[in-house]
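The block underneath contains the structure these notes are about, expressed in structure tokens.
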Amino acid sequence: MQTFLMILIAAAALMTLFVLVKGVIGMAQGKDLTGQRSQALMRQRVMFQAVAVILVIFFIMIARGSGS
């Protein structure tokens, strides 16, 4: 179970990084005049970060429970 959670945490972190880089590149190109694409990418990044944090908390809870 812990291995599976670590894989999910890594996937969420990589997706966060991917969306972040995509947003930075888009911002550097300056093609998004209205900012709608930037806002959508920001929402995605925050969502992936939240998922990663929740998974880390869940992982810590399971690790502490199995050590007792």
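- The side chain to side chain contact (heavy atoms under 4.5 Å, CB included) check on Val51 picks up Ala12, Leu55, with sequence neighbours excluded.
- Hydrophobic clustering of Ile, Leu, Val, Met, Phe, Trp and Tyr side chains at less than 4.5 Å, counting indirect connections, keeps Ile57 apart from Leu5.
- Atoms CG and CZ, on Leu17 and Phe48 in that order, are 12.0 Å from each other to the nearest 0.5 Å.
- Using a 4.5 Å heavy-atom cutoff, the side chains of Met15 and Met47 are not in contact.
- The structure places CZ of Arg37 at 9.5 Å from NZ of Lys31, a figure rounded to the nearest 0.5 Å.
- Of the residues Val56, Ile60, Ile62, the one that meets the side chain to side chain contact (heavy atoms under 4.5 Å, CB included) test with Phe58 is Ile62.
- To the nearest 0.5 Å, the span separating CD1 on Ile9 from CD1 on Ile54 amounts to 11.5 Å.
- If you chain together hydrophobic residues whose side chains sit under 4.5 Å apart, Phe4 and Met61 never meet in one group.
- Residues satisfying the side-chain hydrogen bond (donor to acceptor under 3.5 Å, both in side chains) criterion with Gln39, sequence neighbours excluded, are absent altogether.
- Remark: of the listed residues Arg45, Gln49, Met42, Arg45 is the sole one forming a side chain to side chain contact (heavy atoms under 4.5 Å, CB included) with Leu20.
- Counting heavy-atom neighbours within 6.0 Å of Gln2 CD, excluding the residue itself, gives a total above 12.
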